[in-house]
There are 2 protein chains.
Amino acid sequence: MTIPDAPESGLAAAATPTAIAEWVADVLRDRIVKGEVPPGGRLVERKISAELNLSRTPVREALKLLHNDGLIEISRNKGAVVTRYDAAEALDLFEVIAALEGIAAGRVAQSIGTAELDELEELHGRMMAFHRTGRHAEYFDANSAIHDLIVERAGNPVIQGTHKRLIARARRGRYLAIMDPDRLAQAVEEHGLLMEALRARDAAAAESIWRQHLSHTGESVAALLGAEDGPAAAQA
Amino acid sequence: MTIPDAPESGLAAAATPTAIAEWVADVLRDRIVKGEVPPGGRLVERKISAELNLSRTPVREALKLLHNDGLIEISRNKGAVVTRYDAAEALDLFEVIAALEGIAAGRVAQSIGTAELDELEELHGRMMAFHRTGRHAEYFDANSAIHDLIVERAGNPVIQGTHKRLIARARRGRYLAIMDPDRLAQAVEEHGLLMEALRARDAAAAESIWRQHLSHTGESVAALLGAEDGPAAAQA
DNA sequence: CCGGGCAGAATGGCATCCCAAATTCAGGAA
DNA sequence: TTCCTGAATTTGGGATGCCATTCTGCCCGG
């Protein structure tokens, strides 16, 4: 099963106070996002601590972290259970994410300087290049980087924190986000529109465009989830 | 110092798995909100567990809860420290809260039935009555109830959960929310406008009105915080 | 009088043990 | 065969002890 890396290896252990718990949370989160632990699957404290050679304490803490990310439910005597992720959930999540990123885009348009705009232009250009050459993985990374940068540059820590939490949940559907060409083209166009709004410092337009962009993404993800949730809900 | 009520008293102890930790969190949250523990004040695990006659485990858990509510920062060897709450923080918080409640209001307007509308009308009427008779405490409660009901009725658990978390932080300034008469009148008017939009099932209007309403509230709170943050930051 | 360093205290993180509740499963009665 | 019962197992919550780190304050040298 190959544990990614021991928590004490390297020297990152002392970085944060609860570095170990966070490392455990990362490991488990990864398994959940990648579907190694399916929805409904159980995460038992004692099993995990044995596997990772740790005591239950940090594992327990990690499970709490995942719980408040909304990834698991913790029930007594049953272990933590991975929550479902279906079309309705995706729509609910992206409705909020759309609002958050929309605000962020508006704020960025309002206060952006030439340096920040250049940074975004550069990132946008790179993304477009990846798009044209069909490098989907790189396209996707650049895309995510743009979204994250906008949220960061909005300068509202509350938005950033909330966004991070929700994205962690929403990313669960990402591995199946092989969007259809139509949606991809639409997304690219929407990114272009945002850049225009940013260049024009048009906050209202930026907010509106970006919020719609995220709404569309949500609908797209929901459609994919709905499609494969319908026939077969259970899996190995 | 009078501990509100022992966690094992009554029988609510077995309600939730982590009932004790949540009770501890409530106690501490209350102290923070009421300012008994000022920003920068320290919350030491061992002190609290001694005071509450508990072991450190649930106290520790409670502190994590407060941490992800954004009320405290936890640092090694220094205890948990109450985070600051100033005008900028309030504006950041209410920017997001405004967006969330705005969406919620829009969704409610979209899908509201006569029964739900009646419930809101009744609550609104009661709030107006309290307003006219100058019963500020009851007015405030009814007001909060309306806000919560709208968020709940929007039917999006993500909105509800996110809102709850942020409100916990925003409420820190509430004890000083003795708003000036002008703002009060404006707030009342905005509530009236929302009811109109709901009656008309006008989602766009409801969203816009409610988002602005919350923005104004945020600005009002920020003004109060800014005013008293200036001269004297420290207190007993 | 002031600054550096050392010893003790303070403090959160981790490990470990015990407990209560719930789940599970075997065995027996109908 | 089916269903009920009860005992063993499973599992998370709580208590306690130890450890590493850091903070505090005192003492000594300059």
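Values below: all heavy atoms of this structure, side chains included; hydrogens, waters and symmetry mates excluded. Naming convention: chains lettered A, B, ... in sequence-line order (proteins, then strands); numbering from 1 in each chain.
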Taking all non-hydrogen atoms of both residues into account, name the closest pair between Ala62(B) and Ala25(B) and its distance. CB-N, 3.6 Å
For the side chain of Pro58(A), starting at C-beta, report the closest nucleotide among dC14(C), dT11(D), dG13(D). dC14(C)
Counting heavy atoms from C-beta on, name the nucleotide in dC14(C), dG12(C), dG12(D) closest to the side chain of Ile74(A). dG12(D)
Without decimals, in angstroms, what is the distance between Arg56(B) CZ and dC18(D) C1'? 10 Å
Can you tell me if the side-chain N/O atoms of Ser55(A) get under 4.0 Å from OP1 or OP2 in dA15(C)? yes
Does His216(B) have more than 12 heavy atoms from other residues, nucleotides or ligands lying within 6.0 Å of its NE2? yes
Classify the side-chain pair Arg76(B)/Thr18(A) by whether it contains a donor and acceptor separated by less than 3.5 Å. no
Nearest-angstrom distance from the residue atom CD of Glu61(A) to C1' of dG13(D): 14 Å
Using every non-hydrogen atom in the two residues, find where Leu149(B) and Leu123(B) come nearest and quote the distance to one decimal. CD2-CD2, 4.1 Å
Measure across Pro38(A) and Val82(A) and return the closest heavy-atom pair with its distance rounded to 0.1 Å. O-CB, 3.5 Å
Quickly work out the Glu22(B) CD to dG14(D) C1' distance and round it to whole Å. 15 Å
Can you find an N or O donor on one side and an acceptor on the other, under 3.5 Å apart, linking the side chain of Arg60(B) with the base of dG14(D)? no
Sort out for me which residue in Arg169(B), Arg84(B), Arg172(B) forms a side-chain contact (heavy atoms from CB on, under 4.5 Å) with Glu89(B). Arg169(B)
Whichever of Ala80(A) and Thr57(A) has its nearest DNA chain D nucleotide further upstream toward 5': Ala80(A)
Quick check: closest heavy atoms across Asp92(B) and Gly155(A), and the distance to 0.1 Å? OD2-O, 4.5 Å
On a plain distance test, is the side chain of Arg46(B) in donor-acceptor contact with the base of dG12(C) below 3.5 Å? yes
Name the orientation class of the two ring planes belonging to His147(A) and His213(A) (parallel below 30°, tilted from 30 to 60°, perpendicular beyond 60°). parallel
Note: Glu61(B)-Arg60(A) ion pair, threshold 4.0 Å (strictly below): yes
Classify Leu43(B) by what it touches in the nucleic acid, base, sugar-phosphate, or nothing, heavy-atom distance under 4.0 Å. sugar-phosphate
I'd like a table of atom pairs between the protein and nucleotides 22-26 of chain C - only N or O on both sides, under 3.5 Å - with the distance next to each one.
from	atom 1	to	atom 2	distance (Å)
dA22(C)	O4'	Asn77(A)	ND2	2.5

Taking five pairs at each end of the helix from dC1(C)-dG30(D) to dA30(C)-dT1(D), what angle separates the two helix axes (nearest 10°)? 0°
Identify which nucleotide among dG12(D), dG12(C), dA15(D) has an atom closest to any side-chain atom of Glu45(B), counting heavy atoms from C-beta outward. dG12(C)
